[in-house]
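Read through the structure below, which is laid out as structure tokens, and then see the notes.
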Amino acid sequence: MHYIEQAICASRKGSTEVQTCVGRNVRPRHVSMEHTAMEMTATDRPGLMSEISAVLAELGCHVSGAVAWTHNKRAACIVYMEDDLKHGPIMDPYRVAQIQAQLENVVEAHHYEGERRSVRLAAPAASQTHTERRLHQLMAADRDYEQCCSCGYDSSGDDVAHRQKKGSNSTEVKIENCKEKGYSIVTVRSMDRPKLLFDTICTLTDLQYVVFHASISSFESIAFQEYYVRHKNGWTLDSESERRRMIQNLMAATERRVSHELRLDVTTQNRVGLLADVTRVFRENGLSISRTEVGVQGEQAVGTFYVKDTSGQAVTSETLEIVRREIGGTVLVANKSSERPSSQPTNLSNTSPSISTSTSSSSSNGKQDNKPGFSLGSMFWSQLEWLSSNFRPIKS
């Protein structure tokens, strides 16, 4: 609560710096003053994360944290790293240029001429942006939202709506104008999940819209969000193009964090080149990463990987056993990916690697029991989700 009060006061003063609480620090840690960041957007393809990690390992860059999303065949990732020898940010202009050139070669290797791609190496800066908000910004700049209105788009008068035709639990976005009050009413109906509100508000803010009133509710697994908004310059969503852009971006914001692939929670002894080795194991066993969150907690490396078979088949138990044996440490498996997996931990001893596979249990009426279970990824992310990614470019 004290942290929330400080954040509100800081925003009123126009400050980007938030002081920590006296006594117990209740906020996640930042690493902006200690790490160099690599931001990348490119066409998604199997093995991309493995190739990037391998290059960083070869160049002596120790990865301290990484987050990657894929959506509509586009990929975006932010990797936090430090110099393995100096144990600090990479500041030498020649070394920075060398690393960036090698990463650009990896990203460009399988691209056609004219395809969108971007690699940016940045130094720490005092200003801070939430890592996941920065990922939204990167993917929006990469125009991953362009396929989000390919079906079900309807425009008539003051009403514009879009829904994905993927069943009764699809996402629906609707925009109306409240002319007598001078607001645009934006309504979002979707599956409820953790961080849904965060994703929506970040998108509205980055589109330069101010929320004057809002109503948020959820019933069972469905979330309802209603916002009364105006552009920061005072106008409403009057043009068809602006409405469509708003709908596309909100649809993308609700989709980017959703993964339907197999979830693997991994914890093992941290070392240089670990991420390269883990992603290589996935690639060599025909697994492609759709989303990941990795980082360091003490001497342990902790990560969550959402993977799928590159051939389109279900991931077999034999493949999982090979992956577990080659990675080492502890691997927890959830048959269905979710933000709160139901898989339970087995023996966490480093001397006894293990796999635990389970699904949500069913009650007598046939509904799934979605009670949250233990998650190594959640344990790590509670400490590291506020990684900064608003960095200043390094000038050569």
Side-chain angles (χ1 to χ4, degrees), residues 25-32 34-35 37-38 49-50 52-53 56-57 61-69 77-82 84 87 130-132 135 194-195 257 259 261-283 287 289-307 320 323-335 337-358 372-389:
N25 186 3
V26 299
R27 69 171 183 172
R29 294 192 297 269
H30 292 74
V31 294
S32 61
E34 303 173 7
H35 297 76
M38 186 276 290
M49 192 69 180
S50 175
I52 289 174
S53 303
L56 293 176
C61 302
H62 179 46
V63 175
S64 301
V67 190
W69 290 353
C77 77
I78 300 174
V79 178
Y80 297 94
M81 54 192 175
E82 60 183 1
D84 181 43
H87 302 288
H130 194 289
T131 299
E132 294 173 353
L135 277 172
K195 300 190 179 181
R257 200 190 294 273
S259 298
E261 290 77 25
L262 188 73
R263 172 172 175 161
L264 303 181
D265 285 341
V266 179
T267 181
T268 188
Q269 189 72 21
N270 185 35
R271 56 180 170 79
V272 176
L274 177 61
L275 182 61
D277 291 340
V278 171
T279 53
R280 174 186 54 79
V281 170
F282 290 152
R283 175 172 52 83
L287 299 181
I289 300 171
S290 65
R291 186 159 68 92
T292 185
E293 302 167 352
V294 300
V296 178
Q297 188 173 37
E299 297 182 354
Q300 296 289 305
V302 183
T304 297
F305 300 88
Y306 295 84
V307 300
L320 291 176
V323 168
R324 179 207 63 80
R325 187 169 60 249
E326 294 190 20
I327 291 178
T330 302
V331 180
L332 301 182
V333 183
N335 279 353
S337 62
S338 65
E339 294 301 320
R340 295 180 181 178
S342 58
S343 55
Q344 297 297 321
T346 54
N347 189 353
L348 296 183
S349 170
N350 289 334
T351 60
S352 180
S354 56
I355 282 186
S356 172
T357 307
S358 63
F374 177 87
S375 167
L376 291 172
S378 298
M379 178 181 68
F380 152 69
W381 206 243
S382 67
Q383 296 295 321
L384 212 57
E385 67 176 347
W386 274 84
L387 292 173
S388 168
S389 60

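Values below: every heavy atom of this structure, side chains too, minus hydrogens, waters and symmetry copies.
- In this structure Arg283 satisfies the salt bridge (charged side-chain N to carboxylate O under 4.0 Å, His left out) test with no other residue, sequence neighbours excluded.
- In terms of heavy atoms, Ile289 sits closest to Val307 at CG1-CG1, 4.2 Å.
- Not a single donor-acceptor pair under 3.5 Å links the side chain of Thr292 to the backbone N or O of Val67.
- The shortest non-hydrogen separation linking Ile52 to Met38 is CG2-CE, 3.7 Å.
- The side chain to side chain contact (heavy atoms under 4.5 Å, CB included) test with Val281 is passed by exactly one of Glu326, Arg325, Arg324: Glu326.
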Practice task
Go through Leu264 and Leu320 one step at a time and tell me if the side chain to side chain contact (heavy atoms under 4.5 Å, CB included) criterion holds.
Solution key: CA-CA 9 Å; Leu264 303 181; Leu320 291 176; 4.0 Å; yes
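- Closest non-hydrogen pair, Thr268 versus Ile327, comes out as OG1-O, 4.3 Å.
- In this structure, the side chain to side chain contact (heavy atoms under 4.5 Å, CB included) partners of Asp277, at least two apart in sequence or on a different chain, are Arg271, Arg280.
- In this structure, Lys195 NZ and Arg257 CZ are separated by 5.0 Å, a value rounded to the nearest 0.5 Å.
- Every residue meeting the side chain to side chain contact (heavy atoms under 4.5 Å, CB included) condition with Ser53, not counting sequence neighbours, appears here in chain and number order: Met49, Leu275, Ala276, Thr279.
- Among the candidates Arg263, Glu293, Glu261, the single residue satisfying the side chain to side chain donor-acceptor pair (under 3.5 Å) test with Tyr306 is Arg263.
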| query | Going through the checks in order, is the side chain to side chain contact (heavy atoms under 4.5 Å, CB included) test met by Leu287 and Phe305? | reply | CA-CA 11 Å; Leu287 299 181; Phe305 300 88; over 6 Å; no
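- The minimum heavy-atom distance linking Ala301 with Leu274 is given by the pair CB-CD2, 3.3 Å.
- Taken to the nearest 0.5 Å, the CG atom of Asn270 stands 7.5 Å off from the OG atom of Ser64.
- For the residue pair Val331 and Gly328, the shortest heavy atom distance occurs at CG2-O, 4.3 Å.
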* To do: Show your working on side chain to side chain contact (heavy atoms under 4.5 Å, CB included) between Gln269 and Gln300 and close with a plain yes or no.
  => CA-CA 5 Å; Gln269 189 72 21; Gln300 296 289 305; 3.0 Å; yes
